[in-house]
Structures are given as C-alpha cells and as structure tokens.
**Student:** 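Quick one: structure below, then a few questions.
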Amino acid sequence: MATTELIDLAIETSKKAYVPYSHFPIGAVLVAKNGQIFTGVNIENASFGLTNCGERAAIFKAVSEGVTDFEELIVYGETEQPVSPCGACRQVMAEFFSKDLKVTLVAKDKSTVVMTVRELLPYSFTNLD
C-alpha cells in the first residue's frame with residue numbers, strides 16, 4: 001500500500017476514536033514487514049490514566065497477533081501541524097521497533113513529518129540490549 005493510501009487509512013481510522021473528553025482523535029496505521037496492517041485509535045476513560053493512545057493500540061494489536069517485525073508507523077492527528085507521539089508511546093515503540101523504523105506524522109491537511117524512533121526517543125530505556 002502506498003504512503004498516501006496509508007495516510008488516508010489513518011484518517012479514516014481516526015473517526016473510530018473514543019474521545020469524549022479531549023475531542024482529539026488519533027488514528028494510527030502500523031505496517032508489518034509481512035504486509036499485514038494494524039490500525040489503532042485513542043480510547044479515553046473518565047479515569048484519564050486508563051486512556052490508551054492510538055499508536056499503542058495498533059502496536060498491542062499486532063503483538064497480540066504474534067507480529068513483531070514492523071516496517072512503518074503512520075500517526076494522524078486532527079491538528080494544524082503533525083502531532084508527535086506521547087512519551088509512553090515513544091517508549092513502547094522503542095521496545096518493539098527498530099530504532100530506524102520510519103514514523104510518519106500527519107496533520108489534518110495531510111502535511112507530514114517523517115522521523116525515526118531514534119529521533120523521537122534518542123535515549124530510550126531498554127533492558128533488552
């Protein structure tokens with residue numbers, strides 16, 4: 001699937017977000033090296049600590065299906081500029097992704113910023129190295 005199609009999928013996915021408190025929908029599309037695609041949205045909770053981000057939803061969905069080898073992550077936010085993943089999402093990315101995995105951040109006008117996991121979290125904590 002081309003990047004433009006993945007961006008469109010992230011936008012469409014964001015419409016499924018459950019965001020009654022922030023009204024800040026996020027749609028994430030995670031592409032595995034085997035071609036599988038996993039989507040995720042942010043899901044809020046009145047107890048804010050129980051809220052889960054779209055990026056982590058997609059990652060956890062993939063890992064729960066036994067997929068741990070990834071190619072790209074696309075993150076869409078209904079924002080004027082591309083939105084960066086939160087710290088918790090960055091740490092989860094560092095656990096499951098190559099440090100050089102491409103992360104495409106997308107704004108509502110479809111402008112993008114492409115970064116790597118290493119650029120998003122240069123000194124990530126890991127117990128696996």
Side-chain angles (χ1 to χ4, degrees):
M1 204 178 248
T3 300
T4 55
E5 293 173 303
L6 294 169
I7 289 170
D8 289 341
L9 179 58
I11 293 168
E12 191 61 33
T13 297
S14 75
K15 295 175 184 173
K16 297 175 185 172
Y18 179 73
V19 291
Y21 307 103
S22 72
H23 308 287
F24 186 74
I26 296 291
V29 175
L30 179 58
V31 182
K33 286 195 177 175
N34 68 7
Q36 283 183 273
I37 294 175
F38 299 90
T39 59
V41 297
N42 50 330
I43 302 168
E44 296 179 346
N45 189 281
S47 174
F48 291 117
L50 299 178
T51 294
N52 194 44
C53 299
E55 300 92 313
R56 284 182 283 148
I59 295 165
F60 294 160
K61 190 185 294 186
V63 172
S64 72
E65 295 293 323
V67 178
T68 58
D69 200 11
F70 304 107
E71 191 169 292
E72 180 179 8
L73 175 68
I74 291 92
V75 181
Y76 168 78
E78 234 175 74
T79 52
E80 298 300 321
Q81 297 178 11
V83 65
S84 183
C86 75
C89 287
R90 291 176 193 212
Q91 184 59 47
V92 170
M93 287 179 206
E95 178 86 12
F96 290 105
F97 295 167
S98 154
K99 304 294 187 257
D100 297 317
L101 183 109
K102 181 170 88 169
V103 180
T104 302
L105 309 173
V106 185
K108 67 181 176 182
D109 68 357
K110 295 188 181 182
S111 61
T112 63
V113 171
V114 179
M115 302 183 79
T116 65
V117 172
R118 184 184 327 278
E119 290 169 325
L120 286 167
L121 191 60
Y123 299 103
S124 63
F125 175 81
T126 181
N127 222 3
L128 300 175
D129 292 336

**Student:** With a 4.5 Å limit on heavy-atom distance, are the side chains of M93 and S124 in contact?
**Tutor:** no
**Student:** To the nearest 0.5 Å, what is the distance between CD1 (I59) and OG1 (T68)?
**Tutor:** 12.0 Å
**Student:** Which atoms form the tightest heavy-atom contact between S64 and K61, and what is the distance?
**Tutor:**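 Heavy atoms only, the tightest pair is OG-O, 2.8 Å.
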**Student:** Checking salt bridge (charged side-chain N to carboxylate O under 4.0 Å, His left out) against K102, which of E71, E72, E119 comes through?
**Tutor:** E72
**Student:** Would you say V106 ends up clustered with L9 if hydrophobic residues are merged whenever their side chains have heavy atoms under 4.5 Å apart, either directly or through other cluster members?
**Tutor:**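 Per the 4.5 Å side-chain linkage, L9 and V106 are co-clustered.
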**Student:** Indicate yes or no for a side-chain donor-acceptor contact from K99 to the backbone of T116 under 3.5 Å, with no hydrogens or angles considered.
**Tutor:**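 Looks like no, no N/O pair under 3.5 Å.
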**Student:** So if I apply the side-chain contact (heavy atoms from CB on, under 4.5 Å) rule between Y18 and each of N45, N52, T51, I43, which one comes out positive?
**Tutor:**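 Only one of N45, N52, T51, I43 forms a side-chain contact (heavy atoms from CB on, under 4.5 Å) with Y18, namely I43.
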**Student:** Name all pairs fulfilling the ring-ring contact (aromatic ring centres under 6.0 Å, His included) condition that reach into residues 46-79, sequence neighbours left out, sorted by first residue then second.
**Tutor:** Y21-F48, F70-F97
**Student:** Say whether I11 and I37 are linked into one hydrophobic cluster, either directly or through other cluster members, by side-chain heavy-atom distances under 4.5 angstrom.
**Tutor:**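 Yes, because I11 and I37 connect within a single hydrophobic cluster, where side-chain heavy atoms sit under 4.5 Å apart.
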**Student:** Answer whether the closest heavy-atom distance between the side chains of D69 and N34 falls below 4.5 Å.
**Tutor:**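 No, their side chains stay 4.5 Å or more apart.
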**Student:** Is there a chain of hydrophobic side chains (I, L, V, M, F, W, Y, each step under 4.5 Å between heavy atoms) that links L105 to V29?
**Tutor:** no
**Student:** With side-chain contact (heavy atoms from CB on, under 4.5 Å) as the test, would you mind laying out the steps for S84 and R90 before giving the verdict?
**Tutor:** CA-CA 9 Å; S84 183; R90 291 176 193 212; 2.3 Å; yes
**Student:** What is the distance from atom CG of L30 to atom CG of L6, rounded to the nearest 0.5 Å?
**Tutor:** 10.5 Å
**Student:** Go through the side-chain N and O atoms of S14 and E78 and say whether any donor and acceptor fall under 3.5 Å apart.
**Tutor:** no
**Student:** If you count every heavy atom of other residues, nucleotides or ligands that lies below 6.0 Å from Q81 atom CD, does the total exceed 12?
**Tutor:** no
**Student:** N42 side chain to V19 main-chain N or O, any donor-acceptor pair under 3.5 Å?
**Tutor:**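 The answer is no, because no donor-acceptor pair under 3.5 Å joins these two groups.
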**Student:** How about E55 and V92: do any of their side-chain heavy atoms sit closer than 4.5 Å?
**Tutor:**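 No. Closest side-chain heavy atoms not under 4.5 Å.
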**Student:** Can T112 and I74 be said to form a side-chain contact (heavy atoms from CB on, under 4.5 Å), step by step?
**Tutor:** CA-CA 10 Å; T112 63; I74 291 92; over 6 Å; no
**Student:** So, does Q36 use its side chain to make a donor-acceptor pair with the main chain of V67 at under 3.5 Å?
**Tutor:** no
**Student:** How far apart are the closest heavy atoms of L73 and L101, and which atoms are they?
**Tutor:**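 Scanning both residues completely, I find the closest heavy atoms to be N-CD2, 4.1 Å.
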**Student:** Is I7 reachable from V114 through a run of I, L, V, M, F, W or Y residues, each pair having side-chain heavy atoms under 4.5 Å apart?
**Tutor:** no
**Student:** A57 and G40: which non-hydrogen atoms are nearest, and at how many Å?
**Tutor:**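 That would be CB-CA, 3.9 Å.
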**Student:** What residue among V41, V75, T13 forms side-chain contact (heavy atoms from CB on, under 4.5 Å) with I26?
**Tutor:**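 Among the candidates, only V75 passes.
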